[in-house]
Amino acid sequence: MRQESGRSMIEMVGVLAIMGMLTATAFALISLGINRQKQARVTDDVVTIVSGVRSLLVDYDDFTNIDNSTIFAAMSVSNKNPYGGTYELSVNSANTRQFIVRITGLSKTDCEALLTKAWTDSVGYISSNHKEGGATGNCVDGNANIVSITYGE
């Protein structure tokens with residue numbers, strides 16, 4: 001009697017299906033990790049920008065002297081964010097003792113994640129008694145979303 005060795009086609013398809021599911025899971029986890037890294041980098045960049053603006057304009061009573069190109073050059077920080085957009089600075093027209101950091105070029109999910117994040121030193125976070133994130137914005141489909149965070153007094 002002859003005994004055959006090897007694998008059947010069904011066994012091979014089963015193995016390929018399992019490998020496909022493992023690969024898909026790995027890609028999802030890698031994508032999640034990359035997205036969290038981008039969010040952490042944005043957080044670090046905003047902290048650096050806010051600290052830089054405050055130290056550069058410490059001698060002024062308000063932030064009317066904010067100029068994007070001058071501020072970013074003086075801090076040696078790029079105004080490009082990891083999402084392909086930019087960081088923009090402006091003075092709050094309603095209160096010149098406050099300045100606004102805008103994060104542009106965000107997808108809907110990235111925008112929503114940054115809106116719900118607790119920007120602990122922002123005006124909105126402090127004035128809401130630490131109940132709101134402190135950021136404002138409108139998250140819609142596409143990559144044209146902007147998150148604004150106000151800092152100052």
Side-chain angles (χ1 to χ4, degrees), residues 14-153:
V15 168
L16 288 175
I18 291 169
M19 289 176 63
M21 290 184 340
L22 290 174
T23 303
T25 302
F27 279 131
L29 290 174
I30 290 169
S31 176
L32 180 64
I34 290 171
N35 213 16
R36 286 188 178 161
Q37 180 185 17
K38 284 181 180 180
Q39 290 174 8
R41 178 151 174 239
V42 166
T43 300
D44 291 345
D45 288 349
V46 169
V47 167
T48 300
I49 291 167
V50 169
S51 175
V53 168
R54 286 179 171 160
S55 67
L56 288 170
L57 299 176
V58 70
D59 294 333
Y60 299 96
D61 288 338
D62 58 28
F63 295 103
T64 53
N65 293 321
I66 283 184
D67 175 84
N68 278 310
S69 57
T70 305
I71 295 289
F72 284 106
M75 293 186 301
S76 299
V77 174
S78 172
N79 71 332
K80 304 290 182 208
N81 69 45
Y83 296 106
T86 59
Y87 299 112
E88 299 171 359
L89 295 168
S90 63
V91 65
N92 183 354
S93 59
N95 181 352
T96 59
R97 297 182 64 81
Q98 296 176 346
F99 65 96
I100 301 167
V101 178
R102 286 188 180 83
I103 308 165
T104 68
L106 302 170
S107 69
K108 181 180 179 180
T109 55
D110 297 325
C111 176
E112 290 168 346
L114 292 173
L115 271 178
T116 57
K117 180 186 175 350
W119 298 95
T120 56
D121 197 25
S122 69
V123 171
Y125 183 77
I126 294 168
S127 66
S128 72
N129 204 20
H130 308 235
K131 291 185 172 86
E132 295 179 18
T136 58
N138 185 17
C139 304
V140 294
D141 290 330
N143 288 340
N145 296 300
I146 299 172
V147 170
S148 299
I149 311 155
T150 304
Y151 290 92
E153 299 175 6

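Keep in mind that what you see is a predicted model, and the values were worked out from it rather than measured.
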Does some side-chain heavy atom of [Y] sit less than 4.5 Å from a side-chain heavy atom of [X]?
{"X": "Q98", "Y": "V123", "value": "yes"}
{"X": "N68", "Y": "N79", "value": "no"}
{"X": "E132", "Y": "Y125", "value": "no"}
{"X": "L89", "Y": "V101", "value": "yes"}
{"X": "Y83", "Y": "Q39", "value": "yes"}
{"X": "V53", "Y": "I71", "value": "yes"}
{"X": "L56", "Y": "M75", "value": "yes"}
{"X": "Y87", "Y": "I103", "value": "yes"}

Heavy atoms from other residues, nucleotides or ligands near CZ of R36 exceed 12 (cutoff 6.0 Å):
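Check fails, neighbour count at 12 or below.
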
Would the number of heavy atoms belonging to other residues, nucleotides or ligands and lying under 6.0 Å from CG of D61 be above 12?
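No, because the 6.0 Å sphere around CG of D61 holds 12 heavy atoms or fewer from other groups.
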
Could you pull out the closest heavy-atom pair between [X] and [Y], with the gap in Å?
{"X": "S55", "Y": "G52", "result": "OG-O, 3.1 Å"}
{"X": "S122", "Y": "G133", "result": "OG-O, 4.0 Å"}
{"X": "V147", "Y": "A135", "result": "CG1-CB, 3.7 Å"}
{"X": "I149", "Y": "G134", "result": "CG2-O, 4.0 Å"}

Does the pair D110 and N145 meet the rule for a side-chain contact (heavy atoms from CB on, under 4.5 Å), with working shown?
CA-CA 9 Å; D110 297 325; N145 296 300; over 6 Å; no

Say you draw a straight line from [atom1] of [X] to [atom2] of [Y]; how long is it, rounded to the nearest 0.5 Å?
{"X": "F27", "Y": "L22", "atom1": "CZ", "atom2": "CG", "value": "12.0 Å"}
{"X": "I146", "Y": "C111", "atom1": "CD1", "atom2": "SG", "value": "9.0 Å"}
{"X": "N143", "Y": "T104", "atom1": "CG", "atom2": "OG1", "value": "10.5 Å"}
{"X": "D67", "Y": "S90", "atom1": "CG", "atom2": "OG", "value": "11.5 Å"}
{"X": "F63", "Y": "N95", "atom1": "CZ", "atom2": "CG", "value": "9.5 Å"}

Between the main-chain N or O of [Y] and the side-chain N or O of [X], is there a donor-acceptor pair closer than 3.5 Å?
{"X": "W119", "Y": "L114", "result": "yes"}
{"X": "S78", "Y": "K80", "result": "yes"}
{"X": "T23", "Y": "M19", "result": "yes"}

Take I66 and L57 through the test side-chain contact (heavy atoms from CB on, under 4.5 Å) and record every step on the way to the result.
CA-CA 8 Å; I66 283 184; L57 299 176; 3.6 Å; yes

Salt bridge (Lys or Arg N to Asp or Glu O under 4.0 Å): pairs with one or both residues in residues 92-105, sequence neighbours excluded
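Passing the test, one end in residues 92-105: R97-E153.
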
List the steps and the verdict of side-chain contact (heavy atoms from CB on, under 4.5 Å) for F99 and N92.
CA-CA 5 Å; F99 65 96; N92 183 354; over 6 Å; no

Show the numbers, then the answer: is there a side-chain contact (heavy atoms from CB on, under 4.5 Å) between D121 and R54?
CA-CA 12 Å; D121 197 25; R54 286 179 171 160; 2.4 Å; yes

For the side-chain contact (heavy atoms from CB on, under 4.5 Å) test, which of T43, V42, D44, T48 pairs with V46?
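So, applying the side-chain contact (heavy atoms from CB on, under 4.5 Å) to V46 and each of T43, V42, D44, T48, only V42 qualifies.
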
